[in-house]
Number of protein chains: 2
Amino acid sequence: MGIEKDFSTKLSAGDVTIERRDIEMLEAIDRQGSMHGAAEELGRSYARLQNRIVELEAEVGQLTERQRGGRGGGGTRLTDTAHELRRRFDRHATELDGVATVTESVFTGTVDERTGELATVETAAGPIVALAPPGVREVQISVRSDAVVLTDPDETPEPDGTSLRNRFAGTVTAVEPGEEIASVTLSLAEDEAGDGNGNGNGDADLEALVTRSSRERLGLEPGRSVVASFKATAARGTRLDSQ
Amino acid sequence: MGIEKDFSTKLSAGDVTIERRDIEMLEAIDRQGSMHGAAEELGRSYARLQNRIVELEAEVGQLTERQRGGRGGGGTRLTDTAHELRRRFDRHATELDGVATVTESVFTGTVDERTGELATVETAAGPIVALAPPGVREVQISVRSDAVVLTDPDETPEPDGTSLRNRFAGTVTAVEPGEEIASVTLSLAEDEAGDGNGNGNGDADLEALVTRSSRERLGLEPGRSVVASFKATAARGTRLDSQ
DNA sequence: CGGCGTTGTATCGCCATGGATATCACGACC
DNA sequence: GGTCGTGATATCCATGGCGATACAACGCCG
């Protein structure tokens, strides 16, 4: 459909929200050693840049050591706080990028039982324990492909010794190998399992990302039957109806 | 420090990026049955709202069935495309909200070996297989708490029958019980495991989210030794140095 | 046939953001 | 003490987004 998941990462501290622009500003200051240099490098006005630094420091604490005068006129260096802020922003950005990049499997269903923030939802693939917003009955549950664990059905005897709450038997219908990461789609349908053609537009398809080594070790090929599990805290429900 | 992870969710389609404002607009139209009504409800001008609809439809396809004239003057209804768009936005938003809400464990280390996008990183807790950006040696690896699986060490004999690539022995140092979801922090340090006081500012701490039922079933209390695992595709590395 | 409440446009003006410019303060080095 | 490149600050202006307003088109209904 040509629609892609997107986002913009931010950090909020008090009144200000720190955006990518701010982090790039800090990095430029770090490279240039001065705010004038950074403004030039970024092609933005020094005045606004300096104002922004003051705004940020009012909320976050000291980010720079600014000195005027001296040979060359002085300069500004970043504090450890600034570096830690940048690292933190980067971590957050890659995490967000993860959810925007990774595919997801969607199950629609109705909330069956609920205890607090946790709900068991009846879906075409069976009951799923998931986080669900309060006061909703019809939900769609999305499971990120990088949260799905595949195991050999012969070697997974203990259903109680793990914190994996959701566990389904399925058969591999398609494997899309990447360089190092392969995408494996399973059919969880109990009745019509393994209908051969991997269309599976039914609501009982589950996608999983595995490393090449895991794919080879588990022998993941179409037709292979595996056990797929994922944590309840990694399955998130969203309302289906308008309000 | 008072800094919180934040974000804004978007969908990008061709030239336009769909933001929350647009989705709220669609919902208002759905409720009111007309664009004038929606503009009034949202307190924004009809002209801009109508323009925005045209912009969106130029990229995404028909979102509305607009009719002028007739009894009551006409009105507009949403198409299925619009409803699907809204659901998709909601799913994406809750996924992003997940990473902004959940805590993460951070390990710093150096890339040891690399095959494509996958790298094994040497950290204080041992080697971690993770996704890492190319051309970087010093990385920080963040693991979301909802991606960590805890298992009973006595009942996890098969290290090869699963797609969990990272597996560490650890001992519970703290448990913070919530209503239904508990946060368990482990110490993975091989030598000084279980030093008693749960400070553990060392780089070998790992946090995991488990349901209450899992916590009780596994007997997760401070001092308990468990096995923690997570997928390589759920561990993401970020550059540490400035450039 | 006129009224009514929509959808479509076109135009004006407000306001926030941010660049452009100018001026001062500073302090080590020459 | 002068120089020079920096930080600090104030003012003006260009631009874009958006509300406000006005007007035409439309089609059903009384």
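The chains referred to below are lettered A, B, ... by the order of the sequence lines, with proteins before strands, and numbering in each begins at 1. Worth knowing before you read on, the calculation uses all heavy atoms, side chains too, and leaves out hydrogens, waters and symmetry mates.
- Per the geometry, CG belonging to A:D22 stands 13 Å off C1' belonging to C:dG18, to the nearest Å.
- At whole-Å resolution of the value, CD in B:E65 and P in D:dC26 are 20 Å apart.
- Across all strands shown, B:R52 has no heavy atoms under 4.0 Å from either base or sugar-phosphate atoms.
- Applying the side chain to side chain donor-acceptor pair (under 3.5 Å) rule to pairs touching residues 39-50 of chain B yields B:R31-B:E41, B:Q32-B:E41, sequence neighbours excluded.
- Across A:K231, A:R236, A:R165, a single residue satisfies salt bridge (Lys or Arg N to Asp or Glu O under 4.0 Å) together with B:D146, and that is A:R236.
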Practice problem: Using a 4.0 Å cut-off on protein heavy atoms (strictly under), produce a 5'-to-3' string for nucleotides 4-17 of chain D with B for base contact, S for backbone-only sugar-phosphate contact, and - for none. | Solution: -BBBBBB-------

Exercise. Evaluate side chain to side chain donor-acceptor pair (under 3.5 Å) for B:E207 paired with B:T103, printing each intermediate quantity in order.
Key: CA-CA 8 Å; B:E207 206 168 330; B:T103 59; 3.1 Å; yes

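- Atom C1' of nucleotide C:dT9 and atom CG of B:L49 are separated by 15 Å, given to the nearest angstrom.
- Applying the ring pair (Phe, Tyr, Trp, His ring centres under 6.0 Å) definition to pairs two or more places apart or across chains, none involves residues 92-122 of chain B.
- B:R114 contributes a side-chain N or O that, together with a main-chain N or O of B:G116, makes up a donor-acceptor pair within less than 3.5 Å.
- Between the CZ atom of A:R44 and the P atom of C:dT21 there is a distance of 17 Å, given to the nearest Å.
- Using a cutoff of 4.0 Å between basic side-chain nitrogens and carboxylate oxygens, A:R21 and A:E24 are not scored as salt-bridged.
- What separates CG of B:L42 from C1' of D:dC18 is a distance of 14 Å, to the nearest Å.
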